[in-house]
Amino acid sequence: MSIESIIVEAAIKAVKQLYNTEVSDKQIQVQNTKPEFEGDLTIVTFPLLKISKKSPEETAKDLGAAIQELAPEISTFNVVKGFLNLSVSEKYWLNAFTTLNNSLPLANPNSKILMVEYSSPNTNKPLHLGHARNIFLGDSVAEILKAAGNKVIKTQIINDRGIHICKSMIAWMKWGNGETPSSTGEKGDHFVGRYYVLFEQHYKKEQQVLIADGMVEKDAKTKAALFQDASNLLRQWEAGDAKTVELWKTMNSWVYEGFDATYKKFGVGFEKNYYESQTYILGKKIIEEGLAKGVFFKKEDGSVWIDLTADGLDQKLLLRSDGTSVYITQDIGTAVDRYNDYKLDGIVYTVMNEQDYHFKVLFLILKKLGYSFWEGLYHLSYGMVELPSGRMKTREGTVVDADDLIDEMIATSAQSTAEKGKLDELSLEEKNDVIRKIAIGALKYYMVKVDPKRSMLFNPEESIDFNGHTGPFIQYIYVRTRSLLRKTAGENLSWKVQTISAKEKELIKKITEFPATIKEAAKLYSPAILANYCYDLAREYSAFWADHQILKAEEINTKNFRIALSKAVGDTLAQGMNLLGIEMPERM
RNA sequence: GGUUUCGUAGCUCAACUGGAUAGAGCAUCAGGCUUCGAACCUGAGGGUUGGGGGUUCGAAUCCCUUCGGGACCA
């Protein structure tokens with residue numbers, strides 16, 4: 001049992017004794033004591049004043065005395081205004097340390113089967129900075145949910161059909177001369193993306209010519225010959241034309257090779273892929289059922305709608321008058337399919353917050369259709385990555401490419417690693433592995449430390465830092481602990497100590513908060529909570545390191561205790577960072 | 001126009017979801033390696049939490065209003 005719950009339990013009993021009133025654990029507010037005050041944990045007594053009918057100070061004093069009586073773990077207490085600061089005995093902390101169990105996954109009686117969807121790229125463009133946030137966030141949330149004791153299936157839905165891929169195909173047929181990624185040496189997704197851009201350039205010119213001839217912009221868009229070609233190709237694809245499907249498959253396979261290379265560098269993967277080419281027909285049957293149930297209605301032109309005005313939303317189109325579906329139609333179908341396939345308890349959709357409305361509508365429709373699983377749906381809505389100039393724009397060439405970004409990070413990492421010169425005795429392969437871990441660590445940490453809900457700023461002019469509140473800092477602290485262990489390998493490391501320093505106590509306290517931090521991060525779907533925890537722990541250890549002797553400690557028990565403490569810190573950091581998708585090097 | 005979201009130090013982010021004197025990093029300045037790894041540590045300066053009002057013992061956090069940015073829906 002955690003010290004916090006011990007205190008809460010004692011406080012509930014104390015209130016009963018003192019004031020003869022039953023309170024729930026919600027009414028006992030326990031928080032960490034601010035560093036400028038003496039104590040470890042603090043009870044805020046203001047909420048209890050109505051019960052005690054005494055001043056805050058008196059209430060706190062009474063409560064403190066009673067709790068000290070009830071919980072032997074509490075050694076002393078002091079009162080500042082309405083704040084009851086409780087000090088926990090050294091004995092308790094030492095015992096907590098020797099009986100520490102931070103192994104993952106946590107035991108979870110409410111374990112669930114969850115699907116986490118993230119990345120979900122289009123097949124006409126390479127991945128960019130925005131995808132990077134999505135991928136790091138989704139992958140990390142999936143790992144955190146796993147660590148919290150759930151069963152998790154990682155998935156992506158690949159947008160492999162539609163007019164966008166047809167555009168790339170047209171451009172390649174017209175101007176490709178049969179070249180392939182292997183013939184040009186390009187990464188497949190960049191190769192196909194280049195043809196998409198080529199299409200857009202020519203298409204734009206055609207429109208300008210038409211507009212110069214007096215056509216309005218809206219008509220020019222659809223009348224342009226290239227657009228007509230792409231639309232025709234899409235129709236052929238939908239009709240299953242063999243040659244078209246063949247080319248489509250080939251070009252998509254190039255893209256997948258490229259994506260896989262990037263995913264591999266990112267260190268992420270998926271257990272299951274969904275392809276829109278297979279899911280886009282889903283949902284229509286459900287629309288029929290919904291019509292029969294009267295959840296949906298048909299307009300005169302034959303289109304199908306749902307009226308959500310009573311819920312504060314609008315009317316939403318579900319099936320066009322020509323019977324073709326829209327995004328939300330397939331999302332309905334896909335969700336139902338997934339639930340049936342995996343007996344899921346929930347789906348987490350990692351999608352940018354510009355889709356907030358879409359998911360609100362989607363979940364509401366599923367609810368109205370009577371699917372009880374709608375309660376397990378969660379939209380992990382995250383903010384945009386902005387540049388100093390605002391949003392990334394393809395047309396203005398401000399898109400930050402994911403592969404370029406990694407390459408830059410690796411170059412920076414290689415440079416600073418060379419400057420430090422700590423890896424000189426390693427093989428080239430080992431060295432590159434460390435360089436990669438640091439580069440990816442810096443990038444991932446940079447993105448994952450920010451509260452997902454908030455939009456964040458990325459300045460391409462400034463390289464991502466390796467000092468301060470960063471991934472490499474935490475990796476470095478870990479490396480220090482590993483260095484100690486290397487130097488004492490084979491020694492008898494048993495210890496027995498009676499007293500500990502304030503910093504040692506803080507470290508033990510922090511380490512014991514690890515499971516609660518995981519739970520909190522899982523509950524709020526926020527890797528940022530875990531990222532900041534890791535940083536705090538690393539920083540505390542670094543301060544400890546600066547004013548404590550470890551290997552040179554005056555006494556063997558003290559030395560071995562500090563080594564054990566260092567190991568626990570290192571292990572905890574490694575576990576936490578791994579959940580963020582960040583690997584720890586042994587040296588750096 | 002309607003809905004929604006955000007605004008915290010020069011910059012990038014925190015603040016245990018309503019708690020104590022709003023904290024870190026970067027940048028700036030001053031110190032600290034002949035000693036376990038300095039990608040580090042210790043310290044200093046830097047804030048009317050966009051502005052105004054309200055609720056509360058207590059507000060960056062909740063409500064109203066206003067200004068400014070973003071997104072979504074026509």
Side-chain angles (χ1 to χ4, degrees), chain A residues 4 29-37 39 41-47 49-50 55-56 79-85 308 312-316 352-361 381 383-384 386 388 390-391 412-413 416-417 419-422 438 441-442 445-447 449-451 453-459 461-488 513 516-517 520 523-524 526 528-529 531-533 535-536 538-539 541-553 559 562-563 566 585 587-588:
Chain A
E4 200 173 321
Q29 264 189 59
V30 181
Q31 57 189 243
N32 281 326
T33 305
K34 299 247 167 192
E36 57 268 36
F37 299 99
L41 290 141
T42 296
I43 296 181
V44 186
T45 58
F46 293 103
L49 298 184
K50 270 182 220 148
S55 75
V79 174
V80 180
K81 292 192 266 179
F83 298 91
L84 170 59
N85 301 322
L308 299 172
L313 305 171
D314 298 314
Q315 294 196 349
K316 180 79 191 171
M352 206 159 67
N353 61 12
E354 59 188 5
Q355 302 276 354
D356 284 356
Y357 185 78
H358 173 83
F359 282 101
K360 223 191 260 181
V361 171
S381 165
M384 192 170 29
E386 282 177 275
R391 191 175 189 155
T412 316
S413 170
S416 61
T417 302
E419 280 166 13
K420 318 265 179 206
K422 298 271 185 179
I438 296 170
Y445 192 87
Y446 178 82
M447 308 208 76
K449 76 170 175 182
V450 181
D451 181 347
K453 291 193 290 290
R454 296 171 55 119
S455 59
M456 59 178 290
L457 195 120
F458 175 83
N459 188 349
E461 303 299 317
E462 298 167 13
S463 54
I464 292 174
D465 233 304
F466 286 60
N467 302 316
H469 188 179
T470 67
F473 168 78
I474 299 169
Q475 289 172 324
Y476 177 72
I477 300 306
Y478 171 79
V479 163
R480 274 179 171 172
T481 68
R482 302 303 290 175
S483 168
L484 292 176
L485 295 177
R486 271 198 303 276
K487 287 188 171 141
T488 55
E513 288 170 5
T517 306
E520 180 81 357
K523 191 176 133 201
L524 298 177
S526 172
I529 289 170
N532 285 300
Y533 168 86
Y535 175 65
D536 289 342
R539 202 159 46 93
Y541 182 80
S542 193
F544 158 78
W545 174 285
D547 66 11
H548 286 65
Q549 305 271 19
I550 300 174
L551 295 181
K552 296 187 171 168
K559 171 188 159 184
R562 288 177 183 167
I563 290 168
S566 300
R587 307 161 195 267
M588 63 192 281

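Hydrogens, waters and symmetry mates are skipped; everything else that's a heavy atom, side chains included, is used. Keep in mind that this is a model prediction, so the values were computed, not measured. The chains referred to below are lettered A, B, ... by the order of the sequence lines, with proteins before strands, and numbering in each begins at 1.
Heavy atoms of Met456(A) sit under 4.0 angstrom from primed sugar atoms or phosphate atoms, though from no base atom. Within 4.0 Å (heavy atoms only), Pro585(A) reaches no atom of the nucleic acid at all. In this structure, Phe466(A) reaches the bases: a heavy-atom distance under 4.0 Å links it to at least one base atom across the strands shown. At a threshold of 4.0 angstrom between heavy atoms, the contacts of Ser483(A) include nucleobase atoms, whether or not backbone atoms are also involved. Arg391(A) comes within contact range of the sugar-phosphate backbone alone, with a heavy-atom separation under 4.0 Å but no base atom that close. At a threshold of 4.0 angstrom between heavy atoms, the contacts of Glu462(A) with the nucleic acid are absent.
Between Leu84(A) and Ile477(A), it is Leu84(A) whose nearest contact on RNA chain B lies nearer the 5' terminus. Between Leu457(A) and Ile438(A), the one whose closest nucleotide on RNA chain B sits nearer the 5' end is Leu457(A).
Atom P of nucleotide C40(B) and atom CH2 of Trp545(A) are separated by 14 Å, given to the nearest angstrom. Going from atom NZ of Lys50(A) over to atom P of C57(B) covers 9 Å, rounded to whole Å. Atom CZ in Arg480(A) sits about 8 Å away from atom P in A39(B), given to the nearest Å. Rounded to an integer number of Å, the gap from Met447(A) CE to U12(B) P is 15 Å. Regarding Ile550(A), its CD1 atom lies at a distance of 13 Å from the C1' atom of C40(B), rounded to whole Å. Taking atom CG of Asp451(A) as the reference point, atom C1' of C16(B) lies 13 Å away to the nearest angstrom. Following rounding to the nearest Å, Gln31(A) (CD) and A20(B) (P) show an atom-to-atom distance of 7 Å. Rounded to whole angstrom, the span from the CZ atom of Phe83(A) across to the C1' atom of C57(B) amounts to 10 Å.
Base orientation of U17(B): syn, the glycosidic angle falling within 90° of 0.
Nucleotide U17(B): unpaired (no Watson-Crick or G-U wobble partner with both distances less than 3.5 Å). Under the Watson-Crick or G-U wobble criterion, with both distances below 3.5 Å, A30(B) is paired with U42(B). Across all strands shown, U12(B) is found opposite A24(B) as a Watson-Crick or G-U wobble partner, with both distances under 3.5 Å. With a cut-off of 3.5 Å on both Watson-Crick or G-U wobble distances, the partner of U3(B) is given as A71(B). Pairing partner, U49(B): none, since no Watson-Crick or wobble contact has both distances short of 3.5 Å.
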Between the protein and nucleotides 6-8 of chain B, list every N/O to N/O distance that falls short of 3.5 Å.
residue: G7(B); atom: OP1; partner: Arg454(A); partner atom: NH1; Å: 3.4

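Minimum heavy-atom separation, Ser381(A) to Asp356(A): OG-OD1, 2.8 Å. Nearest heavy-atom pair, Phe473(A) versus Ser542(A), reported as atom, atom and distance to 0.1 Å: CZ-CB, 4.3 Å. Gly441(A) and Pro472(A) make their closest contact through C-CD, 4.4 Å (heavy atoms, listed as atom of the first residue, atom of the second, distance). Here the closest non-hydrogen pair linking Phe544(A) and Arg562(A) is CZ-CG, 4.0 Å. The heavy-atom pair separating Met588(A) from Lys422(A) by the smallest distance is O-CB, 3.2 Å.
Expressed to the nearest 0.5 Å, how far NZ of Lys487(A) lies from CD1 of Ile563(A) amounts to 11.0 Å. The line from OG1 of Thr517(A) to OH of Tyr533(A) is 5.5 Å long, rounded to the nearest 0.5 Å. Distance CD1/Ile464(A) to CZ/Phe458(A): 4.5 Å, rounded to 0.5 Å. The CD1 atom of Ile529(A) lies 7.5 Å from the CG atom of Asp451(A); values are rounded to the nearest 0.5 Å.
As rounded to the nearest Å, A60(B) and G18(B) have C1' atoms that lie 11 Å from one another. Between C33(B) and G68(B), the two C1' atoms lie 49 Å apart (nearest whole Å). Taking the P atom of each, A24(B) and A44(B) are spaced 10 Å apart, rounded to whole Å. Using atom P as the reference point in both A74(B) and U65(B), the two lie 26 Å apart (nearest Å). Annotation: C16(B) and U61(B) have their P atoms spaced 12 Å apart (nearest Å).
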Do Arg539(A) and Asp536(A) pass the salt bridge (charged side-chain N to carboxylate O under 4.0 Å, His left out) test, and can you show the C-alpha distance, the side-chain angles, and the key distance before you say yes or no? CA-CA 5 Å; Arg539(A) 202 159 46 93; Asp536(A) 289 342; 3.8 Å; yes
Please step through side-chain hydrogen bond (donor to acceptor under 3.5 Å, both in side chains) for the pair Asn85(A) and Thr42(A), ending with a clear verdict. CA-CA 4 Å; Asn85(A) 301 322; Thr42(A) 296; 2.7 Å; yes
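Considering only side-chain atoms of Tyr476(A), the nucleotide from G70(B), A20(B), A39(B) that sits closest is A39(B). Across A14(B), G37(B), C41(B), the shortest atom-to-atom separation from the side chain of Val450(A) is found for A14(B). The side chain of Leu524(A) approaches U17(B) more closely than any other nucleotide in the set A39(B), U17(B), A71(B). With C73(B), G19(B), C40(B) as the choices, the nucleotide that has an atom nearest any side-chain atom of Asp314(A) turns out to be C73(B). Closest to the Lys487(A) side chain, of the nucleotides C40(B), A39(B), C36(B), is C36(B).
Side-chain N/O atoms of Arg486(A) include none lying less than 4.0 angstrom from OP1 or OP2 on C36(B).
A stacked arrangement is assigned to Phe46(A) and the six-membered base ring of G19(B), with a centre-to-centre distance below 5.5 Å and an interplanar angle below 30°.
Applying the ring pair (Phe, Tyr, Trp, His ring centres under 6.0 Å) rule to Tyr357(A) yields no partners; only residues at least two apart in sequence or on another chain are considered.
Evaluation of atom-type donor-acceptor distances gives a pair under 3.5 Å for the side chain of Asn85(A) against the base of A20(B).
Ser566(A) and Tyr541(A) share a donor-acceptor pair across their side chains, judged by distance under 3.5 Å alone.
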Per-nucleotide protein contact string for nucleotides 21-35 of chain B, where B marks a base within reach and S marks sugar-phosphate only (heavy atoms under 4.0 Å, - for neither): S--SSS--------S
